[in-house]
Amino acid sequence: DDMRIALVVKALGIGFFEAAAKGAEEAAAELGGVEIIYTGPTDTTAEGQIEVINSLIAQGVDAIAISANDPDALVPALKKAMDRGITVISWDSGVAPEGRQMHLNPSSNELIGNMIIKLAADHLPEGGQVAVLSATATATNQNIWIEEMNKVMGNYPGIEVVATVYGDDLADKSYREAQGLMQSYPDLDAIIAPTSVGIVAAAQAVQDAGKAGEINVTGLGLPSEMAGAIESGASKSFAIWNPIDLGYAATMIAHALATGEATAEPGASIPMGRMGEVTLDETNSGAMADPFVYDASNIDEFKSIF
Amino acid sequence: MSTTDRFIPDRLQSPLERRLKSWESLLLLVAIAIFIANSFASPYFLNAWNLSDATFNFTEKAMIAFAMALLIISGEIDLSVASIIALASTAMGAAVQLGAGTPVLILVGLGTGLLCGAFNGFLVTRMGLPSIVVTIGTMSLFRGISYIVLGDQAFRGYPADFAFFGQGYVFWVISFEFVLFALLAVIYGVLLHKTNFGRAVYAIGNNPTGALFSGIRVARVKFILFLLTGLMAGVAAICLTSRLGSTRPSIAFGWELEVVTMVVLGGVNILGGSGSIPGVVIAAFVMGLVTFGLGLLNVPGIVMSIVIGALLIGVIALPRLWKMWRG
Amino acid sequence: MLKRLLASREILLLGAIMALLALIATRFPGFVAPSNLAGVFNDTAPLILLAIGQMIVILTRCIDLSVAANLALTGMVVAMINVAAPGMPIGVILIVAILLGTLLGMVNGLLVWKLDIPPIVVTLGTMTIFRGIIFLISDGKWVNSHEMSAAFKALPRTELLGLPVLSWIAIAAVLIFALVMRRTTLGRAFYAVGGSPHSATYTGINVGRTQFWAFTISGALAGLTGYLWVSRYAVAYVDIAGGFELDVVAACVIGGVSIAGGIGSVAGALLGALFLGVIKNALPVVDISPFWQLAISGSAIIIAVAVNARANREKGRIILKSAEHAA
Amino acid sequence: MLMHAETAAHAARAAAPDPAPILALAKVTKEFPGVKALSDVDLRLYPGQVTALIGENGAGKSTVVKTLTGIYQPDGGEILVDGAPRRFATAQDAAAAGITAIHQETVLFDELSVAENIFLGHAPRGRFGLIDWAEMERCAEEILVGIGAQIDPKVRLRDLGIANRHLVAIARALSIDARVVIMDEPTAALSHKEIEELYELVESLKAKGKAILFISHKFDEIFRIADRFTVFRDGQLVGDGRMADVTEADLVKMMVGRDVSQIFPNRERRIGEEVLQVVGYDHPTEFADIGFTLRRGEILGFYGLVGAGRSEFMQALFGITKTSKGITKIDGRLSAIRSPADAIENGIVYVPEDRGRQGAITDLPIFQNVTLPSLKRTSKNGFLRLAEEFRLTREYTTRLDLRAASLDTNVGSLSGGNQQKVVIAKWLATQPKVIILDEPTKGIDIGSKAAVHEFMAELAAQGLAVIMVSSEIPEILGMSDRVIVMREGRIAAELAGEDLTPETLVRHAAGI
Ligand SMILES: Nc1ncnc2c1ncn2[C@@H]1O[C@H](COP(=O)(O)OP(=O)(O)OP(=O)(O)O)[C@@H](O)[C@H]1O
Ligand SMILES: Nc1ncnc2c1ncn2[C@@H]1O[C@H](COP(=O)(O)OP(=O)(O)OP(=O)(O)O)[C@@H](O)[C@H]1O
Ligand SMILES: [Mg+2]
Ligand SMILES: [Mg+2]
């Protein structure tokens with residue numbers, strides 16, 4: 001029988017996760033004898049993911065790799081999955097340690113935290129006001145990145161973070177929040193959106209307000225979706241890791257753990273196929289790779305890939 | 001005065017006969033059909049543990065649906081139930097931060113539910129406001145308070161024994177929640193169908209003016225129904241919070257419409273006056289079976305909701321279309 | 001006459017909005033700058049458009065919970081058309097959006113008119129069905145900004161005489177429907193049907209058909225808004241405007257539209273929407289956490305419905321000669 | 001007062017030859033579930049003539065009106081306009097054919113202005129087919145002045161009193177340029193002066209050659225303005241002809257099918273001690289300063305024109321209306337009645353006028369209706385005992401000679417008279433001290449009517465105190481020991497014995 005690995009995402013239809021699913025299929029083809037179940041709720045809620053997890057448990061899948069909408073609420077359901085012998089890992093947006101065997105960060109959190117503020121600061125040599133547009137207030141990864149960012153603020157004198165708002169990973173809400181930021185802070189210089197939905201919406205809002213070039217929208221986004229913003233000047237640069245690689249790596253890890261080729265424990269190294277190896281820290285989390293910066297010089301090369 | 005020997009029988013149709021021809025039996029057939037279809041569609045369906053897990057998809061909503069059924073039969077509605085869950089869960093979370101133990105948490109959960117129910121009941125029965133608008137307002141208000149308290153934070157750290165309510169099993173695969181669901185079904189069934197109170201609920205729903213003119217304390221009965229609905233939201237809040245092990249203000253978002261859908265699918269007239277608890281119980285199973293069965297086939301939740309939406313309109317439309325077609 | 005004018009709901013609400021603006025201005029004078037107010041209006045334009053449609057539906061004793069789903073479905077369809085045929089003129093896209101919205105509204109209307117299904121059940125059902133259809137046609141995928149043509153995105157933001165077209169469309173809708181509601185037979189029929197369906201029948205008005213037209217208008221406006229929404233935010237996906245139907249109903253209620261039917265005006269719907277719009281835009285500016293927004297709009301709804309109920313309290317039949325005209 | 005029939009004017013009118021009828025009904029039948037409201041009726045309306053349509057409550061008069069105005073579709077037969085058969089799908093079709101009506105139930109909209117109430121559906125149009133409000137208000141003013149009403153057309157209808165609303169309804173009917181004008185009890189709520197103005201209006205319509213159908217229960221006005229009559233009984237045509245050829249007694253006999261005096265039971269009057277004392281009942285808009293006493297075994301009649309405020313007062317006494325002030329003493333003890341439940345506990349029960357909405361819960365079965373106020377007695381610890389409920393129901397419905405398929409049948413499927421019996425049974429089962437009957441025989445057939453009267457007499461004989469609200473003079477005269485007349489929310493007179501005549505009743509009720 002094929003090994004069945006479920007890739008559970010925050011919500012169906014988001015470009016980032018669609019790309020991750022592509023990577024998962026790539027890994028499955030490489031491994032052979034692996035079936036990928038790509039699933040998730042239609043809105044970004046924990047209850048929706050729990051129902052999905054329950055039906056995956058019922059189907060007796062071999063592994064679940066999840067990007068969580070809530071780090072805590074999913075724990076009981078995922079624990080149950082592990083009790084029934086299912087391998088559970090989280091990736092992208094993590095679950096509390098008791099609810100998974102390991103967590104795969106797309107990149108190291110420190111690096112991302114530093115990266116997003118650096119992207120803004122590089123274009124503000126004189127210093128200035130920046131604001132953060134996050135996803136849902138409960139999104140684990142965004143919160144950690146912002147936390148890491150705040151830790152290194154000392155390295156960027158003159159840069160002031162004036163506000164943090166939440167767009168809930170909804171394009172329209174993010175758009176309005178970005179508008180609100182521009183109204184409240186007329187001297188705003190940059191918006192940092194460490195979310196692929198938020199960054200596009202913020203760029204659109206800046207463009208519509210006629211402030212492209214004046215306010216720099218940066219953060220984490222997909223080249224395909226951000227090409228227009230780079231072109232208009234609303235965004236000077238942004239970063240992202242490759243979501244295809246992320247889906248690929250998560251699948252590889254899930255497979256390795258499920259077959260017993262590797263065990264998740266602090267200090268362990270788990271193979272990720274063409275992505276090399278991930279080394280787990282004391283909370284059983286590890287980082288995949290460094291984020292990559294995109295700007296006018298390289299966007300055209302990547303915008304058709306993901 | 002003139003007593004003729006004309007005899008009027010008590011009933012023409014035996015209760016059993018009536019039951020067989022009822023909406024509930026039709027719905028039961030639908031439920032059985034879905035059950036059979038599911039067992040053919042997925043090899044994982046007929047498995048005790050899986051079926052037991054599936055009940056979690058509806059038990060909490062059904063608990064509220066029982067009280068909501070009575071409320072809708074009486075001609076009112078409460079759209080704030082999901083927000084009451086959020087507020088009750090938030091209150092319990094806050095109590096945990098103050099070091100409360102499980103018994104206190106239960107009291108806080110139920111108390112918050114009752115308080116919210118009383119607030120709705122006050123606005124509707126005392127101030128004479130339409131319940132649909134009032135509860136759209138309190139729906140924002142109650143959840144809004146949770147957001148004010150919690151913002152982007154979460155409450156966690158519930159005591160270990162608190163997990164029993166949403167995750168515990170009473171016997172083999174029979175979960176505590178399922179037992180509670182069954183127990184509440186019986187309690188509400190008896191309350192609606194076997195007591196004076198239930199009779200008053202039907203009378204009010206059929207004709208509130210007539211009921212008032214017959215000496216029924218209409219406002220009091222409706223107030224109690226709002227209290228009960230709030231209380232059940234409190235019970236559901238305890239179960240859901242226990243099951244999730246944490247509280248966010250967005251908890252149970254959108255449940256009010258699922259609860260109302262369950263009640264209407266169960267044959268309760270949205271305009272009041274008719275409906276039964278067995279109907280709601282079967283509707284809960286139908287919705288649970290549809291979502292679980294399609295879930296096993298990895299059909300996205302939104303597609304399941306098409307099925308539920310179509311069932312909702314279809315079950316009311318089909319008999320009417322049939323009647324129109326027959327002339 | 002002047003006294004009546006001062007006491008009217010609309011003036012009261014306008015006063016409330018002015019007071020609100022004055023209050024905000026004390027903390028943040030920039031908020032009342034004309035350019036900012038124009039921005040607030042532009043932001044509120046979709047809510048205004050939908051509130052006008054909803055107002056008409058509520059006027060006829062119905063409710064349309066499917067407006068936001070209609071908006072999302074229409075928006076997705078036109079976005080997909082734009083992706084498939086980027087060259088299609090915007091005029092055609094606009095017509096397609098309005099026609100599709102109208103069609104969806106007619107579905108609701110027909111179910112209410114011909115099958116006599118309660119509006120809340122119909123629109124609860126079609127709401128989930130419409131959303132499900134979006135998922136089916138889009139396969140759950142988003143249509144993103146970079147996939148849309150420049151012309152598609154340009155229309156709502158093109159400026160005319162200093163205001164974006166989106167704002168102008170809302171202004172036009174307000175004027176057109178103010179005229180329709182006051183000066184056409186159909187407009188007056190909406191009031192008659194909601195005020196007293198029984199009397200309406202006696203004056204030769206077909207109650208069901210009038211309700212059908214109400215749903216149709218609401219659908220047309222939702223379709224139009226669907227295109228505007230998707231092009232303005234430059235994105236289309238299953239969940240856009242999720243839960244927005246409740247904001248729309250709230251705007252109507254705050255605007256003095258009576259859920260019992262027969263009472264309401266375009267001006268009321270406009271002001272109700274603006275009230276919510278001002279609050280939404282002001283909170284971040286005056287540095288109140290956005291988490292307060294939900295609770296504030298909930299309270300506004302409850303206060304509004306209580307105030308309106310006071311104004312409409314049934315006076316009964318006035319028999320004593322001394323009581324006539326006294327109020 | 002009764003016999004103006006033999007006036008010279010009348011004789012002259014009788015001599016005129018019959019023109020062709022404008023409007024006619026031929027063998028029209030209309031059925032409702034359980035009632036045949038009209039069976040094979042014929043009716044003809046002539047230009048320049050007033051035809052009076054008379055018959056008891058429920059005879060089918062209003063059903064004819066609704067059939068002629070497109071609100072009901074006949075189940076059989078034809079409507080002929082100028083001899084040609086026509087179908088009216090809606091009220092607007094009928095208006096287009098030149099038929100307009102003042103309906104018995106006021107067909108009005110509280111939230112709309114007076115002008116719009118008059119012109120809804122046929123408002124004057126201006127440019128682009130838009131409604132011309134200024135023109136509409138001007139026309140409304142003109143019509144209102146024409147009927148002698150001083151009402152501002154811009155005022156909202158809800159701010160008007162009952163008489164003015166009636167005038168608006170009349171103005172609405174006249175706003176349609178019609179050849180046939182139907183008036184269903186147009187004078188019921190009007191005062192003396194307004195009635196006189198209406199008569200003048202009818203005369204002027206006649207002079208313009210319009211055909212008028214006039215429905216009324218008041219013989220004096222029928223004899224004063226009608227040229228012809230048509231009598232209905234239980235949905236059937238029982239007679240028609242010229243007014244000049246009949247007397248009031250003839251008409252009454254046609255209406256009821258037997259002599260009037262026979263309807264009312266002879267009863268022995270055993271009036272006992274005082275049970276109920278009412279002092280100083282006041283309401284902000286409905287009634288003022290009402291007080292009286294009532295004894296065991298007594299039947300106290302309440303007479304007044306429709307809308308005099310009797311029902312409103314009775315509902316206040318029963319605890320429904322909470323805005324009113326007043327003192328109720330039962331058996332000499334002060335009783336605080338704040339709700340119907342309190343009233344029932346204190347032994348006061350109320351059989352309302354509006355049976356379908358207030359009296360019975362039509363979608364529930366008979367036994368559940370009967371036991372609703374007595375559930376405390378039939379249940380045990382709050383749990384229902386069906387056997388006990390059926391027993392109680394059987395006991396009281398048998399006494400009232402109820403006719404029904406089973407005790408489990410929904411009340412809605414019973415005839416009006418049997419519905420009324422269910423409501424009365426419901427109250428008797430609570431063993432009350434005072435029973436208030438509000439228009440107890442309105443809309444029920446002759447047989448049931450007599451049964452209700454007989455039963456009322458029996459109740460009084462058993463020592464129950466009875467209050468009977470009625471707008472029918474024969475019923476008031478035939479049943480009451482004492483009568484209170486109400487006018488515009490106040491007690492106009494209290495009459496008994498010698499003073500109790502049709503003339504005194506009408507005089508006090510109309511305030512002449
Ligand atoms: N919509 C209806 N549904 C069922 N029965 C009806 C309906 N309308 C009238 N009826 C019945 O038809 C019969 C005739 O009623 P109708 O109103 O025509 O009497 P009426 O002669 O106008 O009496 P009144 O003098 O009281 O006005 C009554 O038995 C009444 O109960
Ligand atoms: N306060 C009220 N609220 C609602 N309906 C009422 C009220 N009072 C009376 N009605 C109902 O309105 C209908 C029309 O009443 P109608 O004009 O015949 O006056 P009435 O009640 O007979 O007059 P009176 O007040 O003298 O008894 C009746 O069916 C009556 O039951
Ligand atoms: Mg009549
Ligand atoms: Mg009365």
Side-chain angles (χ1 to χ4, degrees), chain B residues 1-19 73-75 125-128 186-187 189-224 269 271-275, chain D residues 315 318-320 339-345 349-352 354-369 371-376 378-379 381-384 386-387 389-390 393-394 397-409 423 426-427 430 451 454-455 458:
Chain B
M1 90 181 317
S2 61
T3 335
T4 47
D5 50 6
R6 185 190 303 269
F7 179 77
I8 305 176
D10 283 355
R11 294 193 159 104
L12 292 177
Q13 235 180 0
S14 74
L16 183 73
E17 199 180 332
R18 180 180 295 192
R19 212 158 287 165
I73 291 173
S74 85
T125 61
R126 275 305 152 110
M127 312 255 305
V186 172
I187 291 175
V190 169
L191 181 66
L192 180 61
H193 301 294
K194 300 283 175 207
T195 67
N196 291 353
F197 184 80
R199 182 67 65 73
V201 169
Y202 278 112
I204 292 171
N206 268 301
N207 180 348
T209 316
L212 180 71
F213 274 71
S214 299
I216 304 278
R217 295 184 191 271
V218 175
R220 185 183 298 177
V221 171
K222 284 188 174 173
F223 186 79
I224 293 173
N269 183 348
L271 306 174
S274 65
Chain D
Q315 291 177 11
F318 187 54
I320 302 264
S339 69
D342 291 341
I344 294 163
E345 258 164 48
V349 299
Y350 174 67
V351 177
D354 186 345
R355 221 164 13 241
R357 214 169 63 88
Q358 303 170 337
I361 299 176
T362 47
D363 286 335
L364 289 186
I366 295 173
F367 78 94
Q368 295 192 6
N369 266 278
T371 56
L372 199 53
S374 313
L375 280 178
K376 272 199 189 120
T378 59
S379 63
N381 304 325
F383 288 93
L384 300 169
L386 289 185
E389 290 191 45
F390 279 115
T393 307
R394 182 168 302 285
T397 50
T398 315
R399 279 176 64 189
L400 285 158
D401 195 21
L402 180 82
R403 308 289 164 89
S406 82
L407 296 183
D408 198 25
T409 320
V423 178
K426 167 174 89 177
W427 290 129
T430 67
E454 227 175 284
F455 198 76
E458 197 191 318

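In this text the structure is predicted, and so the values were computed from the model without any measurement. Within every chain, numbering begins at 1; the chains are lettered A, B, ... in the order of the sequence lines, protein sequences first and strands thereafter.
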- Message: In the structure I gave you, are the side-chain heavy atoms of Val190(B) and Phe383(D) within less than 4.5 Å of one another anywhere?
- Response: yes
- Less than 4.5 Å apart, any side-chain heavy atom of Arg217(B) and any of Asp342(D)? yes
Heavy-atom contact with chain B under 4.5 Å, split by part of [X]:
X: Pro373(D); result: both
X: Ile366(D); result: neither
X: Thr371(D); result: side chain
X: Ala405(D); result: both
X: Phe318(D); result: side chain
X: Asn381(D); result: neither

Report which part of [X] has an atom under 4.5 Å of a heavy atom belonging to chain D: side chain, backbone, both, or neither.
X: Val218(B); answer: neither
X: Leu191(B); answer: neither
X: Arg11(B); answer: both

Among [options], which has the most heavy-atom pairs under 4.5 Å with chain B?
options: Ile320(D), Leu384(D), Asp408(D), Leu407(D); result: Leu384(D)
options: Leu364(D), Leu375(D), Val423(D); result: Leu375(D)
options: Thr362(D), Leu372(D), Thr393(D); result: Leu372(D)

- Item | Donor-acceptor contact below 3.5 Å, side chain Asn207(B) vs main chain Arg357(D) | yes
- Message: Keeping Tyr202(B) on the side-chain end and Gly275(B) on the backbone end, is there a donor-acceptor pair under 3.5 Å?
- Response: yes
- Hey, is Arg394(D) close enough to Glu389(D) for a salt bridge, meaning N to O under 4.0 Å? no
